[in-house]
Amino acid sequence: MSEKPSDAEILDGLAEIVEEVAGVATDDVTADKSFVDDLDIDSLSMVEIAVQAEDRFGVKIPDDELANLKTVGDAVNYVSKHV
Amino acid sequence: MSNVDVVVTGLGATTPLGGDVSSTWDALLAGRNGVRVNTAPWVERFDLPAKLAATLAVEPTSVLPRVQARRLDRCEQIAVIAAREAWADAGFAIPTDEHEPVDPDRLAVSIGTGIGGPVTLLDQDDILEEHGLRKVSPLTVPMLMPNGPAAHVGIEMRARAGVHTVASACASGAEGIANAWQMIQNGRADVVIAGGAEACIHPITVAGFCQSRTLSTRNDAPERASRPFDVDRDGFVLGEGAGVVVLERADHAAARGARVYAKVSGYGMTSDAHHITGNHPEGIGQIAAMTNAVRMAGLTPGDIAHVNAHATSTVVGDIGEAAAIRKALGEHVVVTAPKASIGHLVGGAGAVESIVTLLSIYYGTIPATRNLENLDQKVGLDVVTGQPRKVELAAAINNSFGFGGHNVAVLFTAA
């Protein structure tokens, strides 16, 4: 990616990844949603989502950081800060 | 003798002949063929001498939701598909928090497999080699483990009385059913979802079977390649598929007015202690398996009118089994060999063929053995050929034997 993506673009990208990995409709992937409690995503799928997000946005998401990404909004902020 | 009556109330399967039990049964009665040319590019790449396979008639990924399919190995996919069919056929709804059709503490699973998920194992190894750790799926272990099919079924149907997987190669599906019957006898469960599944068609498994010289190389005539008991048989055709039955304590089934297909009245399970792939020359293990099944059911050999043979279409195996049937039960037995149509489903075989056996009792019809043009004179048994045989059956045995010297005979009787 040549330019830094906007938060909205990061959210759209994450939503596509979550849809692909976990089958959650992209419209349901909003910033306030918890991956585990709201979107019913398990720890195995979270690893897949993190790897795909790393590739898509060109960031690194170490395991100890991944553990802190409780909501979709957390993930958007993390990517935005590190991209 | 058994103390508790155990009946079969639900059936499910996905096979090279059809995506469910009724299509598989109808195809079997019509004498249709499930063996195809294996068009995978690796067959030519490695110049494999056996270029045939009995692949599934219905792709499991076309049946399952996309996300579920990508989380399951193919072997797990087909076990889940067959289990859903059997569960619904038994009259049960998928459990929810509001409604659990069977008390989870009284429900168990017993689904065997020969290998489990070797395709996942090998594919993920390729990914590790080519792309490194990051690209290896976090689902690798649960997809390759042989207890995965049983575990997924147990989660979906909420079985908390135990989820078990037996691995006895090509006898696994039958042993899964026998073990389920024993669980109900022992009082561990009222209902057990039982059977077997296999989806191991991969270059290395085919190459390995080729090197053990067990596969048919009749590549120019796939529809005629699997020919148990025929003088021109030259090996089996590797297939893939799953069979699942719902076994239930008879009084539990009666209390809810369930339809009963047949009763499971006993089994025999022995081991050859002889050779890792070869039959015992006198067939002592096979004979003892059938004899023990008859004894456990409180019957005599003369009561067994029909055997659904393991008969894989190998030169040595078919004759050995025929001799064992004659010695254990007598020459009156009417035999059929469904692998002529279905191919060899390895860990799924004993389950799918148990379903065929009990449907033969239920419908009073034994499917014919396809491709049996010239009966090997050493068979010495009445093998059904041409058209299905209409015959009222009180008791029948399904034989399933496996590499390792495993011999399993499951005895079904009319309900």
Side-chain angles (χ1 to χ4, degrees), chain A residues 1 5 10-30 33-72 74-75 78-79 81-83, chain B residues 59-77 79-81 84 94-98 116-117 119-121 123-158 163:
Chain A
M1 239 170 278
I10 295 170
L11 179 62
D12 286 349
L14 277 174
E16 283 175 21
I17 293 168
V18 171
E19 201 274 337
E20 156 70 17
V21 172
V24 178
T26 51
D27 288 352
D28 292 336
V29 184
T30 51
K33 294 279 176 65
S34 157
F35 287 108
V36 174
D37 298 332
D38 298 323
L39 303 181
D40 202 23
I41 291 169
D42 66 13
S43 60
L44 302 174
S45 291
M46 275 307 290
V47 174
E48 280 194 89
I49 289 166
V51 170
Q52 289 199 24
E54 286 182 339
D55 289 350
R56 183 165 187 138
F57 300 114
V59 295
K60 282 272 162 229
I61 311 177
D63 282 358
D64 50 353
E65 297 285 355
L66 180 60
N68 296 326
L69 305 182
K70 305 291 185 199
T71 66
V72 175
D74 294 340
Y78 180 88
V79 171
K81 209 180 294 175
H82 292 84
V83 72
Chain B
E59 268 302 306
T61 50
S62 72
V63 178
L64 293 172
R66 180 187 62 83
V67 170
Q68 182 170 38
R70 74 188 291 282
R71 292 175 65 93
L72 302 180
D73 179 83
R74 189 172 175 87
C75 185
E76 297 171 335
Q77 292 173 358
V80 166
I81 289 168
R84 280 183 189 163
I94 297 292
T96 62
D97 288 343
E98 289 72 41
V119 178
T120 291
L121 172 66
D123 285 354
Q124 292 297 321
D125 183 59
D126 288 346
I127 288 170
L128 178 64
E129 293 286 349
E130 282 170 36
H131 304 289
L133 171 67
R134 289 180 69 256
K135 294 292 183 177
V136 172
S137 170
L139 292 153
T140 299
V141 172
M143 285 172 72
L144 71 83
M145 61 192 196
N147 55 314
H152 280 289
V153 170
I155 291 165
E156 179 158 328
M157 306 314 175
R158 300 195 181 189
V163 165

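Throughout, protein chains are lettered first and strands after them, A, B, ... in sequence-line order, and every chain is numbered starting at 1.
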State the CZ-CD distance between R134(B) and E48(A), to the nearest 0.5 angstrom.
-> 12.5 Å

State whether the number of non-hydrogen atoms from other residues, nucleotides or ligands found under 6.0 Å of D64(A) atom CG is greater than 12.
-> yes

Around atom CG of D55(A), are there more than 12 heavy atoms of other residues, nucleotides or ligands at under 6.0 Å?
->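 Yes, enclosed.
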
In terms of heavy-atom pairs under 4.5 Å with chain A, which of K135(B), R70(B), Q68(B) leads?
->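 Looking at each of K135(B), R70(B), Q68(B) in turn, R70(B) comes out on top.
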
Which atom of E20(A) lies closest to which atom of R66(B), heavy atoms considered = O-NH1, 2.8 Å

Can you name the nearest heavy-atom pair linking L44(A) to R71(B), along with the distance?
->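 In this case the closest contact between L44(A) and R71(B) is CD1-NH2, 4.5 Å.
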
